[in-house]
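The residues of the chain are indexed from 1 along the displayed sequence. Remember, it's 1-based here, ligands and their atoms both numbered in the order they're listed. Keep in mind that what you see is a predicted model, and the values were worked out from it rather than measured.
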Amino acid sequence: MSDLTPYRVVCVVGTRPEAIKMAPVVLALREDPRFEPFLLATGQHAQMLYQALEPFGLVPDVDLRIMKEKQSLDYVTASVLEKVGEVLDRWTPRAILVHGDTTTTMAATLAGFYRHLPVGHVEAGLRSRDMDKPFPEEMNRVVTDRLSSLWFAPTEGSRDNLLGEGVREDRIWVTGNTVIDALLWTRSRVEIPGEPALGPVLGNVPFLLVTAHRRESWGAPLESIARSVKELLDRHGDLHAVVPMHRNPEVREILRRHLGSEERAILCDPLDYPDFVWAMSRARLILSDSGGVQEEASALRKPVLILREVTERPEALTSGSGILVGTSEERILQTAGGLLQDSAAYETLQQRCGTPFGDGKASERIAEALGTFLTQSGIKGCRG
Ligand code: UD1
Ligand code: UDP
């Protein structure tokens with residue numbers, strides 16, 4: 001290092017998945033004397049953000065608290081851009097790190113770009129190649145990658161996507177996905193099965209774990225997902241469904257209307273991450289439109305029906321446990337029904353599962369790459 005003062009690095013998070021996937025990075029930077037990491041929450045999510053950070057013992061250094069009910073994309077974009085910009089001016093970091101594909105990610109990247117700051121994109125290079133699916137996340141990824149200076153690609157495939165778009169090869173690091181770091185960290189600290197909130201309620205019954213929240217699924221697709229879950233419960237007398245509902249009222253209303261009176265459907269608030277990890281490990285099948293859950297499920301060797309038309313995580317399909325079923329009732333019932341009835345097919349799928357998303361050391365690699373980049377660029381630490 002060219003001077004002895006640490007590099008101030010602002011790690012930006014806004015939503016639940018960013019919190020879970022950035023947490024191990026913040027912990028790795030804290031361990032490394034080369035860095036002085038700051039955790040900046042935009043507050044795009046409120047309760048769900050704190051719930052996700054809490055198991056890692058993290059509290060934001062600043063929370064911009066922008067969330068409001070029925071927030072528009074315009075509102076979130078403008079608020080994050082302006083308020084993150086103000087914090088960057090105040091804190092004068094040497095680099096910022098953003099994660100993934102949310103509006104926080106894209107707008108914070110723009111704020112960094114406007115200040116000529118190196119922006120490191122964690123989980124860079126994912127592409128569905130359809131700007132409408134997922135919406136607006138595909139655009140967020142493309143814009144974020146266009147404006148970044150350091151690209152932390154989770155897989156070789158995401159690296160290839162970046163190279164195909166002309167990104168400099170010497171600025172891409174294939175690190176694995178930090179969600180695997182978070183998952184392994186959590187499993188090593190929380191006994192599974194331990195005393196999870198749902199343990200006593202569920203006993204040993206087989207259950208589906210269902211999460212759905214994507215913007216492009218609001219309305220008819222989500223209705224179809226909820227009807228499918230109800231039908232699966234009707235067809236399988238011992239089956240339960242655990243449905244941790246996203247706090248978005250648009251999502252909750254539909255799930256409650258279709259499943260609220262089902263005796264074997266457990267509609268609950270979002271689970272704490274350790275409890276959710278427990279639920280994924282114990283579920284017979286996972287039905288989800290979540291990005292992170294696709295990655296975690298493969299690491300847990302758990303079949304997951306992906307409730308989307310396209311995925312930017314092809315590794316979940318080729319060497320993971322994912323099956324792309326979309327949101328049509330017919331397809332969900334056919335695929336889930338098949339796996340619930342045919343234990344041989346279920347076991348084959350489980351045996352096929354690999355761990356394409358990483359080995360749990362992504363955060364260490366990111367810290368190493370960032371430190372080397374800052375030193376080699378001749379950038380000075382903050383108090384020098
Ligand atoms: C956001 C991201 C999405 C990500 C998801 C993770 C964008 C445009 N969308 O979608 O990429 O997959 O987070 O969950 O960046 N709410 C609460 N409390 C909370 C969180 C949300 O009440 O703690 C409610 C609020 O009414 C809020 C609404 O949910 O207005 C929607 O939140 P928003 O972040 O805009 O969209 P998500 O669907 O959560
Ligand atoms: N998750 C959680 N509690 C829940 C549901 C999900 O902790 O009740 C975790 C899950 O393990 C994954 C992340 O939240 O790490 C996924 O978040 P979400 O589905 O909101 O966003 P996406 O991954 O689709 O962007």
Among protein heavy atoms, which sits nearest to [atom], and what does the distance come to when rounded to 0.1 Å?
atom                    : answer
atom 23 (O) of ligand 2 : Gly292 N, 2.8 Å
atom 20 (O) of ligand 2 : Arg16 NH2, 2.8 Å
atom 1 (N) of ligand 2  : Phe276 CD2, 3.7 Å
atom 10 (C) of ligand 2 : Glu296 OE1, 3.4 Å
atom 21 (O) of ligand 2 : Pro17 CG, 3.3 Å

Backbone or side chain, does any N or O of [X] fall under 3.5 Å from an N or O of ligand 2?
X      : value
Asp272 : no
Ile20  : no
His213 : yes

Report, in ascending order of atom number, the atoms of ligand 2 lying under 4.0 Å from any heavy atom of Tyr273.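 Going through ligand 2 atom by atom, the ones under 4.0 Å from Tyr273 are 7 (O), 11 (O), 15 (O).
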Within the 4.0 Å heavy-atom shell around Pro270, which atoms of ligand 2 are there?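 It comes down to these atoms of ligand 2: 8 (O).
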With sequence neighbours left out, what residues match Thr155 under side-chain contact (heavy atoms from CB on, under 4.5 Å)?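 Partners of Thr155 under the side-chain contact (heavy atoms from CB on, under 4.5 Å) test: Ser158, Glu315, Phe357.
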Given side chain to side chain contact (heavy atoms under 4.5 Å, CB included), test Leu147 with Leu110 step by step and report yes or no. CA-CA 7 Å; Leu147 301 181; Leu110 187 54; 3.8 Å; yes
Which is closest to atom 22 (P) of ligand 2 by heavy-atom distance: Pro134, Gly291, Ala212?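 Nearest heavy atom to atom 22 (P) of ligand 2 lies in Gly291.
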Pick, from Ala182, Ser290, Ala52, the option with the minimum heavy-atom distance to atom 19 (O) of ligand 2.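 Of the listed residues, Ser290 has the closest heavy atom.
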Quick check with a 6.0 Å cut-off and a 45 degree axis cone: is Arg284 positioned over the face of Tyr346's six-membered ring?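 Here Arg284 passes the 6.0 Å and 45° test against Tyr346.
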Does Arg189 make a cation-pi contact with Trp185, if we ask for NZ or CZ under 6.0 Å from the ring centre and within 45° of the axis?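 Yes - Arg189 lies over the ring of Trp185, closer than 6.0 Å to its centre and within 45° of its axis.
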With a 4.5 Å heavy-atom cut-off, do [X] and [Y] have their side chains touching?
X      : Y      : result
Met280 : Ile286 : yes
Leu162 : Arg159 : no
Gln350 : Ser321 : no

Heavy-atom pairs closer than 4.0 Å: do any link ligand 2 to the side chain of Leu271, the backbone, both, or neither?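 It is both parts that get close, each with some atom under 4.0 Å.
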Ligand 2 contact on Arg214 by region, counting heavy-atom pairs under 4.0 Å: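 Within the 4.0 Å criterion, Arg214 contacts ligand 2 through side-chain atoms alone.
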Taking Pro274's backbone N and O only, do any of them form a donor-acceptor pair with Thr186's side chain (distance below 3.5 Å, no angle check)?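 Not confirmed, Thr186 side chain does not pair with Pro274 backbone.
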Checking the side chain of Arg365 only, and the main-chain atoms of Thr175 only, is there a donor and an acceptor separated by less than 3.5 Å?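 Yes, because the side chain of Arg365 sits within donor-acceptor range (under 3.5 Å) of the backbone of Thr175.
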Can a salt bridge be assigned to the pair Arg141 and Glu138 using a cut-off of 4.0 Å between side-chain N and carboxylate O?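 Salt bridge: yes.
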Between Arg168 and Asp170 (salt bridge meaning N to carboxylate O under 4.0 Å), is one present in this structure?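 Salt bridge between Arg168 and Asp170, a charged N being under 4.0 Å from a carboxylate O: yes.
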Short N or O separations between ligand 1 and the protein, below 3.5 Å:
| from | atom 1 | to | atom 2 | distance (Å) |
| --- | --- | --- | --- | --- |
| ligand 1 | 11 (O) | Glu137 | OE2 | 2.4 |
| ligand 1 | 12 (O) | Arg214 | NH2 | 3.2 |
| ligand 1 | 13 (O) | His45 | NE2 | 3.2 |
| ligand 1 | 14 (O) | His246 | NE2 | 3.3 |
| ligand 1 | 15 (O) | Gln44 | NE2 | 2.8 |
| ligand 1 | 15 (O) | Thr103 | N | 2.9 |
| ligand 1 | 15 (O) | Thr103 | OG1 | 3.3 |
| ligand 1 | 18 (N) | Gln47 | OE1 | 2.8 |
| ligand 1 | 23 (O) | Ala46 | N | 3.0 |
| ligand 1 | 23 (O) | Gln47 | N | 3.2 |
| ligand 1 | 23 (O) | Gln47 | OE1 | 3.0 |
| ligand 1 | 23 (O) | Met48 | N | 3.0 |
| ligand 1 | 30 (O) | Lys68 | O | 2.8 |
| ligand 1 | 30 (O) | Lys70 | N | 3.3 |
| ligand 1 | 30 (O) | Gln71 | N | 3.3 |
| ligand 1 | 32 (O) | Gln71 | NE2 | 3.3 |
| ligand 1 | 34 (O) | Gln44 | NE2 | 3.0 |
| ligand 1 | 34 (O) | His45 | NE2 | 3.2 |
| ligand 1 | 34 (O) | Gln71 | NE2 | 3.2 |
| ligand 1 | 35 (O) | Gln71 | NE2 | 2.9 |
| ligand 1 | 39 (O) | His45 | NE2 | 2.7 |
| ligand 1 | 39 (O) | His246 | NE2 | 2.8 |

Tell me yes or no: between the side chains of Thr102 and Thr15, is some donor less than 3.5 Å from an acceptor?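 Looking only at side-chain atoms, Thr15 and Thr102 do not form any donor-acceptor pair under 3.5 Å.
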Evaluate whether atom CZ of Phe113 has more than 12 neighbouring non-hydrogen atoms of other residues, nucleotides or ligands under 6.0 angstrom away.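 No, because the 6.0 Å sphere around CZ of Phe113 holds 12 heavy atoms or fewer from other groups.
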